[in-house]
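Just so you know, ligand 1 is whichever comes first in the structure, and atom 1 is the first atom listed for that ligand.
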Amino acid sequence: MSETARAAIVTSVAGAVEVRGYDLPHPGPGEFLLQVELCGMCGTDAHVYRGRLDSVRFPALLGHEIVGRLAVLGDGVTTDHAGRPVRAGDRVGVFPALSCGRCYECTVRRRPGSCPGRRPSYGFASPADRPPYLTGGFATHLYASNAGTVFYRTDLPPEVAVLQEPLSVALHAAERAALRIGSTVVVQGVGAIGLMAVVAARAAGAARIVAVGGPPARLELAAALGADEVVDLARVPDPDRRRGAVLDALGDGGRGADAVIGTAGSPEAFLEGVRLTADGGVLAEVGNFTDRGTIPFNPYSDLLRRDITLAGVYGAGPDMQRRYHSALSILQRGGPPFERLVSHRVPLTGVRRALEALGGGYSLDGRDVVKLAVDPSA
Ligand SMILES: [Zn+2]
Ligand SMILES: [Zn+2]
């Protein structure tokens with residue numbers, strides 16, 4: 001076969017990224033080949049790139065937020081996971097993990113992430129120098145070699161469909177924050193997850209949403225996505241004054257928020273989140289995804305006396321497959337300008353620069369990164 005696929009391979013921890021060529025595989029029963037249109041890049045990829053996930057071996061092909069068109073369907077692949085018929089050429093979003101759905105972890109504990117029969121997830125199924133090859137999204141093609149891979153057909157443009165994973169993380173945060181119809185919400189941080197948290201809070205029925213962060217362009221996007229008020233960190237750098245500004249913006253007599261969703265990712269921001277939470281409220285922390293250190297915390301005055309609840313939110317959570325599906329439904333309903341989230345589309349040759357940007361200053365080509373995505377046709 002003369003057609004070949006290309007993939008951006010990370011050769012070693014924080015090392016060079018080489019674009020390598022591969023023969024196109026022939027999908028067996030239950031498998032399929034996808035022509036990748038866009039693959040989101042997130043903090044997890046930057047984390048893996050730096051060798052902080054033991055299970056990933058190098059050389060590695062990353063990329064787990066995968067959207068593309070079905071190219072070749074193996075025998076028996078006739079519908080998506082919701083039972084809708086599919087054929088070659090249809091656009092789909094691929095769920096990266098595959099668990100058995102029958103074991104104790106999957107059914108009783110409802111933690112499919114701990115399933116002993118779990119297959120290597122796309123974007124983490126290394127090493128890349130051994131078959132089955134093409135198992136990550138930073139490539140022209142994805143070989144869905146796990147028979148029974150979960151995917152959903154969608155007519156959304158790729159730059160919106162690719163938000164399925166970050167929105168599923170935000171839905172997890174909103175659920176852990178126990179949002180109710182009429183809740184007041186503070187979202188700390190307006191990166192991709194913070195912006196998606198605004199969308200999730202709106203979908204959950206929040207009455208008032210205040211987003212805190214920067215720079216101004218991202219705050220403007222937060223407002224366009226549903227935040228009622230925004231507070232610019234740069235304009236109110238002092239934490240005490242900032243607390244006052246946020247409480248004013250909540251408009252509830254200075255009580256604090258029923259729920260705070262923390263996506264800023266520093267221990268200091270976490271403590272600030274505790275102090276923005278109303279007595280009896282919940283802080284759902286999603287931002288301290290890597291170890292950024294410790295902070296003094298008074299269990300009496302910060303927690304018990306105020307009767308607040310602290311919830312840790314790790315990624316899309318153990319129940320992530322359900323949230324993936326919900327996220328797609330919310331994106332498909334439309335309304336907010338979701339298409340503005342992807343700020344950069346980088347070619348396969350730009351994968352290393354993009355990974356470095358996510359691990360550093362969140363700036364690429366002289367512009368702030370909101371959401372990065374790899375476009376293998378670029
Ligand atoms: Zn991700
Ligand atoms: Zn299982």
Side-chain angles (χ1 to χ4, degrees), residues 8 10 36 38-50 52-53 55-56 60-68 81 93-126 135-139 142 146-150 158-173 189 191-197 200 263 265 286-287 289-290 313-324 327-328 331 341-346 351 354-355 357-359 362 369-374:
V10 181
V36 178
L38 205 59
C39 183
M41 182 183 284
C42 73
T44 304
D45 296 301
H47 204 51
V48 172
Y49 172 65
R50 292 184 186 284
R52 295 190 189 129
L53 202 67
S55 56
V56 174
L61 173 53
L62 312 185
H64 56 273
E65 303 177 3
I66 306 161
V67 176
H81 198 58
V94 178
F95 182 74
L98 188 68
S99 46
C100 78
R102 291 185 304 274
C103 72
Y104 182 77
E105 294 289 342
C106 284
T107 58
V108 177
R109 300 201 67 230
R110 291 184 181 271
R111 298 187 70 86
S114 304
C115 170
R118 198 167 187 253
R119 313 278 186 78
S121 304
Y122 301 122
F124 304 96
S126 50
T135 57
F138 298 161
L142 174 82
N146 292 331
T149 294
V150 171
E159 61 274 20
V160 176
V162 83
L163 303 175
Q164 206 176 352
E165 196 226 18
L167 182 54
S168 64
V169 173
L171 293 178
H172 185 208
I193 299 294
L195 291 168
M196 288 288 100
T263 78
V286 56
F289 186 75
T290 59
V313 182
Y314 195 72
D319 205 6
M320 65 191 288
Q321 197 164 313
R322 174 177 60 78
R323 297 195 182 95
Y324 241 67
L328 193 61
L331 293 169
L341 262 288
V342 172
S343 55
H344 295 69
R345 295 172 84 115
V346 299
V351 164
L355 287 166
L358 278 190
Y362 268 73
V369 170
V370 179
K371 178 74 187 165
L372 278 167
V374 175

(Q) Filter on ring-ring contact (aromatic ring centres under 6.0 Å, His included), then keep only pairs touching residues 94-116, sequence neighbours left out; what's left? (A) Phe95-Tyr324
Q.
Would you say that Val67 contacts Gln164 through its side chain, given a criterion of any heavy-atom pair below 4.5 Å between the two side chains?
A. no
Q | Heteroatoms of the protein, restricted to N/O/S, which lie under 2.8 Å from the Zn ion (ligand 1) | A | Cys42 SG, His64 NE2, Glu65 OE2, Glu165 OE1
Q: To 10°, measure the SG(Cys103)-the Zn ion (ligand 2)-SG(Cys115) angle for me.
A: 110°
Q | Partners passing ring pair (Phe, Tyr, Trp, His ring centres under 6.0 Å) against His344 (at least two apart in sequence or in another chain) | A | none
Q.
Just so I know, are the side chains of His172 and Met320 near enough to count as touching, which here means a heavy-atom distance under 4.5 Å?
A. no
(Q) Less than 4.0 angstrom from a charged side-chain N to a carboxylate O is my criterion; do Glu65 and Lys371 meet it? (A) yes
Q: Go through the structure and list residues passing side chain to side chain contact (heavy atoms under 4.5 Å, CB included) with Arg345, not counting sequence neighbours.
A: Leu38, Glu159, Val342, Asp375
